[in-house]
Structures are given as C-alpha cells and as structure tokens.
2 protein chains.
Amino acid sequence: MDGRKQVTGDRLLLAAIDLISAKGYNGVTTEEIATTAGLTEKTLFRHFGTKLNLLESAFERFHYAEEMKILFKEKLEWELEADLLTICRAYHEIMNRDRKLVLISLREQVLLPEFKKRMHQHPLQLLDVLTNYFVEMGERGRMIRANPRMHAFTFMMAHFGAFINDLDSGRNYPDITLEPFILESVKLFARALTP
Amino acid sequence: MDGRKQVTGDRLLLAAIDLISAKGYNGVTTEEIATTAGLTEKTLFRHFGTKLNLLESAFERFHYAEEMKILFKEKLEWELEADLLTICRAYHEIMNRDRKLVLISLREQVLLPEFKKRMHQHPLQLLDVLTNYFVEMGERGRMIRANPRMHAFTFMMAHFGAFINDLDSGRNYPDITLEPFILESVKLFARALTP
DNA sequence: GAATAATGTCAGTAACTACTGACAGACATA
DNA sequence: TATGTCTGTCAGTAGTTACTGACATTATTC
C-alpha cells in the first residue's frame, strides 16, 4: 500500500477538472488529460476505465460539504446585517471552493444530471437555513415578517448571480468587484428587511 | 429570388440553436442538425461551409435588441416600485427571448468569445440605464443617494441569478416561480432604496 | 419546354478519439 | 534476490464525424 496509486489517481482527476472546466467534456481528449497529469493515456484507463467514469470520480472525490446547517447555527448573533454578512461569505466560500466543478456541472448537465442535483444541495440547504433564520428573526421582532422564503431567495439569487457572473472571470463589469458588492448588498438587504 | 434559400437557411439555424443549446456544440453532429431541419447534411454545408460558421450565423441572425435605452426612457414614471417592475420585466423579456442563445454563449465561451461579449451588451446597457435612473431619482429626492451603481448591480444580479437558475428549467427550487419572485423582489428593493 | 437554382443521393476521405492487448521497465517490500 | 504492483511503450482497432465530389432530381421562372 504505497500511495503511488492514489497520487496518480488524484493527478488525473485534477487534470481532468482543470481541462474539462476550461474546454468542456467533449473538447478534451483522454490523451490530453493524461499528459497534462504527466502520465500516459493507458494509465488513465487502467485507473478509471472510461472517460465518463473519470469525470464522475472527480465529482465523487472533490466535492465536499454537507455541513452547511451546522456551520453557522453556531456563528449567528441575531444581528441582521452581521449575520447576512456571515452567511453570504460562507456562500461564496463554498461556491468558490468547488468553482470548477460548479462550472462543469452547469455546462455538462446532459452528461451528469445527477451531479447537478448534488451540487444544488448546498444552495437548497442555504435557502432553508436562511428562511428559518428570517422566520425566527421575525418572531423576535427584529425583521419584517412578510414572505421570508422569497426574501431569502432574493438574497441568494443576488449572490448566485454575482458568483456566476464572476465564474468565467471575464471581468464582465469592469468597475465592480466581489468584496464591495458583498458589503453593499448586505447593507441593502438589511435596510429592506429591518422593521 | 424565391425564398427557398432563406427558408432553408433559417430552418437549419433554428435546428442548430435547438440542438446545440440542448446538447452542446460538440455533442451534436452536422447530420443530426440537418435531418432535424428536414434537410440533408450536404445542404447544410452548401449553405454554411463549416459547422462553426453555422453557429456563428445563428448568432448573427437571431439576436436582436440594441434598443434597450430607448425602450424605457419613455415608460418610466419616476415612481420607484412601478419603474423597477417595468425594468425587470423588460430584462426578463429580453433574456427569455434569446434564451437558448444565452445558454449557448454561456456554455461555449471557448468557441465564441466574441459572442459572449455581444450577448453581454444588454446587461451592460441595462446597468447604465438603471444607474442613471437611480442617480436622477436621488437628485429628485425620491431615493437614497449612496452607491447607485452598486444598488443597480445588486438588483440586476438578483434577476440574473433567477434567470440562470430558471434556464435549465430543472425546477431547482420547486416552491418558487418567476412571477411572485419578480413582484416580491421589486417590493424589497423599493423598500430598501426609498428614503 | 428549356434554363436555372436549390436540394437530394451516395460513396468516400482524412482526421480524430475512446479504448485495448502484449510486453517491458521501474520501484518498493519482504 | 525475488515478487508483486504500478506505469510506460507501441501498435492497433473500431467507431465517429466534419467535409467533399459527381451526378441525379425537383421546383421555379421565363
């Protein structure tokens, strides 16, 4: 049990993620992936059998995080603006961590329908957590009480949109960067939702 | 000058848009496109020469709209909530009109970098229009005056996110539909930005 | 009815690509 | 040293696919 096998596998998986996120699944050849990983096409097939299984393994191994709920059940302080900031920082952190996989799952939905669902678990969980948080804040009289789920959804969509917009890093809006956007959007939502 | 040639070309372009948006550029063959259009592969190549040129022609012919600025210089009534509603309805209308092309330009950025830029003109224009509108509303004392561009950007990102989320129509958030979201988000922003 | 333009038919090419088999060399462990 | 595990080499297969040429067919126009 030396780690050679695992190291080799990981190098292939990382090369696959890099190249497929850059050029698309059908835009990359198995040979290209293997040589990028410093290995042979033969080795690639010995490890993963098929090209599709390579991509599936990449999702299996390199996507973490079902830990959203716990994450900030502990960190919230029932102060709207501060909590919104915590929450959306966590969101961007998680999305950015699996940035390339998100890109792939967006583009290759046809190939991997089940993985799109899996990637979608995070946002779904976040929406639940955020909705519950809004409900409780409302009960405590610290937030307006109309439509908490839709408010949470709007907040998430704003940050989802900004994330997607930033994904290709094509600097679509040259005068706007992520961090000021986070701060200002949190302020805006805090103002909108404070009684 | 009978219209046969143009009709044939259009059928090929529409079939190409349908199939490429569904399966990706490399996931569709020229033969598939031709037969879907009820024509022959040979005819496809007689019209467009290459597969890539077919896709490029699809963008040339089927993407309209540089008319954003004029569109609602006329329709605005300097009533924040009503105007936000007008604006974001226009946004969704435009994005939905070229829905499939948006999808393609998101996915095939590598193949068509210049088309991504072109599709991006709409949002950019909208951001400008919206920013100017916010500035003037501020001067009229009908809106808070801090950071109009970032506020406009946040509003757009919320709707961009919702649009993207809706693009694959996979019903990602089963209890949320577009129209209620539009109404509630407009309310929310109006509340946040009213002095 | 003849000329013209557009499309179909069919066979084929050249390039690519996922994937395989046989064999040999490297490297660790024992 | 011997053995097993992992990887490289190389040649090759079978399937796919963008794209072409020669010729026949259909529809339109005059």
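The chains referred to below are lettered A, B, ... by the order of the sequence lines, with proteins before strands, and numbering in each begins at 1.
Look at CD on A/Glu31: it is 13 Å from P on D/dG8, rounded to the nearest Å. The separation between A/Ile20 atom CD1 and C/dA18 atom P is 10 Å, rounded to whole Å. At whole-Å resolution of the value, CD in A/Glu32 and C1' in C/dC16 are 13 Å apart. Between the CG atom of B/Asn26 and the P atom of D/dA18 there is a distance of 9 Å, rounded to whole Å. Residue A/Leu55 contributes atom CG, which lies 15 Å from atom C1' of C/dA18 at whole-angstrom precision. Across the protein-nucleic acid pair, B/Leu19 atom CG and D/dA18 atom C1' stand 16 Å apart, rounded to whole Å. Summarising the geometry, the separation between CZ on A/Phe48 and P on D/dT7 is reported as 10 Å, rounded to the nearest angstrom. A/Phe45 places its CZ atom 14 Å from the P atom of D/dG8, with the value rounded to the nearest Å.
A/Val7 comes within 4.0 angstrom of no nucleic acid atom, judged by non-hydrogen atoms across all strands. Using a 4.0 Å heavy-atom distance criterion, A/Gly9 is classed as making no nucleic acid contact.
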Exercise. Please assess A/Glu32 against A/Lys23 for the test salt bridge (Lys or Arg N to Asp or Glu O under 4.0 Å), listing each intermediate value before the final yes or no.
Key: CA-CA 11 Å; A/Glu32 206 177 349; A/Lys23 305 165 144 204; 2.5 Å; yes

Quiz item: Checking salt bridge (Lys or Arg N to Asp or Glu O under 4.0 Å) for the pair B/Glu93/B/Arg97: CA distance, chi angles, key distance, verdict?
Solution: CA-CA 6 Å; B/Glu93 195 178 322; B/Arg97 194 171 53 190; 5.5 Å; no

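Between A/Tyr25 and A/Arg46, the one whose closest nucleotide on DNA chain C sits nearer the 5' end is A/Tyr25.
Distances shown here put every side-chain N or O of A/Thr43 at or beyond 4.0 Å from the OP1 or OP2 atom of D/dT7. Side-chain N/O atoms of B/Thr40 include none lying less than 4.0 angstrom from OP1 or OP2 on C/dT7. Distances shorter than 4.0 Å separate none of the side-chain N or O atoms of B/Lys42 from OP1 or OP2 on C/dG8. Residue A/His47 has no polar side-chain atom (N or O) positioned under 4.0 Å from OP1 or OP2 of D/dC6.
Set against D/dT7, C/dT9, D/dC10, the side chain of A/Thr8 has D/dT7 as its closest nucleotide.
None of A/Glu79, A/Glu81, A/Glu77 except one satisfies the salt bridge (Lys or Arg N to Asp or Glu O under 4.0 Å) rule with A/Arg142; the exception is A/Glu79.
In this structure, the ring of A/His151 has its center no less than 6.0 angstrom from the ring center of A/Phe189.
Other residues, nucleotides and ligands contribute more than 12 heavy atoms inside 6.0 Å of the NZ atom of B/Lys51.
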